Participant: 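The structure is given below, and queries will be raised subsequently.
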There are 2 protein chains.
Amino acid sequence: MRSNAKRASIKDVAASAGVSLGSVSRVINMAPNVSPVVRERVERAMRELDYTPDQAAQALRSRSSRTVGCMFTDVANPLYARLYQTFETKLRKAGYMVLLANSLNDLQRELEILSMFQSRRMDGAIIAPGHERDPLLLQAVEKLGLPVVVLDRDMDVPHDRVLFDHPRGVKEAVLHLAHLQHRDVGLLIADMPNRPMRRRLEGFKSGLKAAGLTFRPELVVRLAASTGPAFDEVTRLLLSAQPPTALVTLGTSVLADALNAVAALGLKTPDDVSIVSLGDPDFARHHRPSITSLAIDHEVAAEAGVTMLLERMRGTAPAQPREAIAPAHFVARESTGLAPGTHRRTPKKQS
Amino acid sequence: MRSNAKRASIKDVAASAGVSLGSVSRVINMAPNVSPVVRERVERAMRELDYTPDQAAQALRSRSSRTVGCMFTDVANPLYARLYQTFETKLRKAGYMVLLANSLNDLQRELEILSMFQSRRMDGAIIAPGHERDPLLLQAVEKLGLPVVVLDRDMDVPHDRVLFDHPRGVKEAVLHLAHLQHRDVGLLIADMPNRPMRRRLEGFKSGLKAAGLTFRPELVVRLAASTGPAFDEVTRLLLSAQPPTALVTLGTSVLADALNAVAALGLKTPDDVSIVSLGDPDFARHHRPSITSLAIDHEVAAEAGVTMLLERMRGTAPAQPREAIAPAHFVARESTGLAPGTHRRTPKKQS
DNA sequence: TTGTACGCGTTATCAC
DNA sequence: GTGATAACGCGTACAA
């Protein structure tokens, strides 16, 4: 139902309160130099007319929309949904609203979104583009002309960034497995040229190295999509000549596929195959067995991102781009155990 | 990095192209009456100056922000994340951006958000407030003064709505269980006075009735939160004097708790306890056993919602509020089976 | 302390 | 077809 009467403007309020436009404006913007009596009358008039300042006019005049743009590839990703929620809550407290755009990993769409951010006079943006290496995207981000925080992307642009500590996290996971005597560890990631995947692989390799294990490329599976089917791939991996005794895998649906594939082969977790999840989906805690996982600290990530963005928007940040690292917390649960065979052996104590 | 040079305005474009403001505006808005030569010159000037129309000015002048506001209680709810994604994609095609606000089920916040939608000249809104029964909220929604689509809420406001077919869905689930000879069915929902919970209970009762079973109030557990811990409640239920042989439960984390509780008691699904999930989380398909679920058709829901909103925004909708029903698809999987004991009995064929 | 007037970047209504 | 010009609603110097 549309309101029948036209919206009240600042002019109406002024008339109704018997003061000038300027005074009303001063009340709205909480200017110090306004007498209590005028303020009172204006506030009453605003209430009576149910007045709300027109944001478009304010934005035009003050060149600020009090809005932050958020570009993710996909909010359906639980981690990003959580992050968004925290972003929005914190930014709201600071008086901003948030525009959320899902790029669905489509380059054209990402460019459009960035252009929208610009024409809509966003005061700032938080972005995690899919095409972090594309020249067009990089150029668009570079000349965005507004405060930006980049989320877990390796982009050579002069903006603040929040990086998730995949390398250290995955390394820790691999060391955990090595400690449990696993020597052949598989990795299931997505075949996408983005930071999360690159850094996970990096951490994987460095973990192996630190444990004195050799990297076997054939144990790395690169899935077409991070939510894509993985059942066949995992099955193939487990049926290969020298199969892994442990898997480090993307969370949620890939994890589910992996568990399923393991079970379908009549194998048990962790007795036959240990499993570590990258990301800590809801069911990891409750699954039987519960799933050992690596969880990005989204509270820290969101806090750091918003803080940097607010400082930058207020102009209280140093010119130099800054960088924050959000830790990945490794949570050992029941899905990881001693490598098969090793529990029969007596642990070597010396030499 | 902030852009050093000021943004080009329509004035600059006009000057650079050697035409008047009006002509540029006509090109931008694709008015029919503009000569090819002028159009060409304007377009070149726009490209050269990297001109983008100022959305704030457009909004002020045309009284339309080309933006739709979305208010959910929580995007971290996978169903709503999915819905949002579809909303955004479809609305983008129609030239709108979307503002997403999580109310976190906080009344004050919901009121603020609605007020924001108003002052920001949203062209429309899609809302699923937590406080659907609160007079203040209802009043705020009623006098919102813009096209609104209400999502799965029973609110007496003159707006279009999309309702999820919980009653029929849950009824079907109960009938499915009754067909499997279950006579004592438990229900785990949240203790919130909102449509989803009310309608689920309604469907539950009507399912029992249709199956000729008696409703046992003590088998209905109302959890404090829809993501809240349910382990103890489920345990208590299963240890009661006349325990249910089947559970209909909220999805995701409550479902996980339920599975966990069942397993912790040494019971098996579906042999000892059958389970139906309300909502179809990622892991339902892959869990062992896979989980019988009830899934709202989010494609249908989103499509209906956006279509109604667009029509309403374009003014091509009838004055009368409309209503669309999004079906709930029941998917029988492995977590539901014959009630314990019944498989030994020979099914009665006559009389 | 308060009022006035101008301009922010557009769109729309006129004449031409 | 094209070019002036008046709004749109508000912030802000500046004058009072």
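A note on names: the letters A, B, ... follow the listed sequences, proteins ahead of strands, and every chain is numbered from 1. Any value given below was found using the heavy atoms of this structure, including those in side chains, with hydrogens, waters and symmetry copies removed. As the structure is a prediction and not an experimental result, all values here were calculated from the model.
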Participant: Quick one, which residues of residues 37-53 of chain A touch DNA chain C with a heavy atom under 4.0 Å?
Facilitator: A/Val38
Participant: Both B/Asn33 and B/Ala57 contact DNA chain D. Which one's nearest nucleotide lies toward the 5' end?
Facilitator: B/Asn33
Participant: Measure CG/B/Leu21 against P/D/dT5 and give the value in whole Å, please.
Facilitator: 11 Å
Participant: Quiz question: by atom type and distance under 3.5 Å, do the side chains of B/Asn105 and B/Thr73 form a donor-acceptor pair?
Facilitator: no
Participant: Mind checking what makes salt bridge (charged side-chain N to carboxylate O under 4.0 Å, His left out) contact with A/Asp12, not counting sequence neighbours?
Facilitator: none
Participant: In whole angstrom, give the distance that lies between atom NZ of B/Lys11 and atom P of D/dT5.
Facilitator: 13 Å
Participant: Scan for salt bridge (Lys or Arg N to Asp or Glu O under 4.0 Å) pairs involving residues 75-94 of chain B, sequence neighbours excluded, and state none if there are none.
Facilitator: A/Arg109-B/Glu88, B/Glu88-B/Arg92, B/Lys90-B/Glu303
Participant: Quick one: salt bridge (charged side-chain N to carboxylate O under 4.0 Å, His left out) partners of A/Asp74, sequence neighbours excluded?
Facilitator: none
Participant: To the side chain of B/Arg61, which of D/dG3, D/dC8, D/dG11 is closest?
Facilitator: D/dC8
Participant: Go through DNA chain C in 5' to 3' direction and return only the first and the last nucleotide with some atom under 4.0 Å of chain B's heavy atoms.
Facilitator: C/dC8 to C/dA12
Participant: Could you list all the ring-ring contact (aromatic ring centres under 6.0 Å, His included) pairs where at least one residue sits in residues 101-145 of chain B, not counting sequence neighbours?
Facilitator: none
Participant: Check side-chain contact (heavy atoms from CB on, under 4.5 Å) between A/Val34 and all other residues, then give those that pass, not counting sequence neighbours.
Facilitator: A/Val27, A/Val38, A/Arg39
Participant: When we call it a touch if two heavy atoms are under 4.0 Å apart, what does B/Arg26 touch: a base, just sugar-phosphate, or nothing?
Facilitator: base
Participant: Run the side chain to side chain donor-acceptor pair (under 3.5 Å) test against B/Arg66 and tell me which residues pass, sequence neighbours left out.
Facilitator: B/Tyr96
Participant: Only one of B/Val98, B/Leu151, B/Leu83 forms a side-chain contact (heavy atoms from CB on, under 4.5 Å) with B/Ile126, so which one is it?
Facilitator: B/Leu151
Participant: Just call it for A/Ser62: base, sugar-phosphate, or nothing, with non-hydrogen atoms closer than 4.0 Å on any strand.
Facilitator: nothing
Participant: Establish, with yes or no, whether the OP1 or OP2 oxygen of D/dG11 is under 4.0 angstrom from a side-chain nitrogen or oxygen of A/Gln58.
Facilitator: yes
Participant: Name the residue closer to the 5' end of DNA chain C, choosing between B/Leu60 and B/Gly22 according to the nucleotide with the nearest heavy atom.
Facilitator: B/Leu60
Participant: Residues two or more places apart in sequence or in another chain: which of them pass side chain to side chain donor-acceptor pair (under 3.5 Å) with A/Glu48?
Facilitator: A/Arg44
Participant: Sequence neighbours excluded, which residues qualify as side-chain contact (heavy atoms from CB on, under 4.5 Å) partners of B/Gln108?
Facilitator: B/Asp106, B/Leu111, B/Glu112
Participant: Measure from CD1 on B/Ile10 to C1' on D/dA7 and round the result to the nearest Å.
Facilitator: 15 Å
Participant: What dot-bracket string describes DNA chain D from 5' to 3', counting Watson-Crick and G-U wobble pairs whose defining distances are under 3.5 Å, with [ ] for crossing pairs and | for pairs to another strand?
Facilitator: ||||||||||||||.|
Participant: Looking at D/dG11, I'd like to know if its phosphate oxygens (OP1 or OP2) sit under 4.0 Å from a side-chain N or O belonging to A/Ser25.
Facilitator: yes
Participant: Which residues pass the ring pair (Phe, Tyr, Trp, His ring centres under 6.0 Å) test with A/Phe72, sequence neighbours left out?
Facilitator: A/Tyr80
Participant: Tell me what B/Val19 touches on the nucleic acid: a base, only sugar-phosphate, or nothing, going by heavy atoms under 4.0 Å.
Facilitator: sugar-phosphate
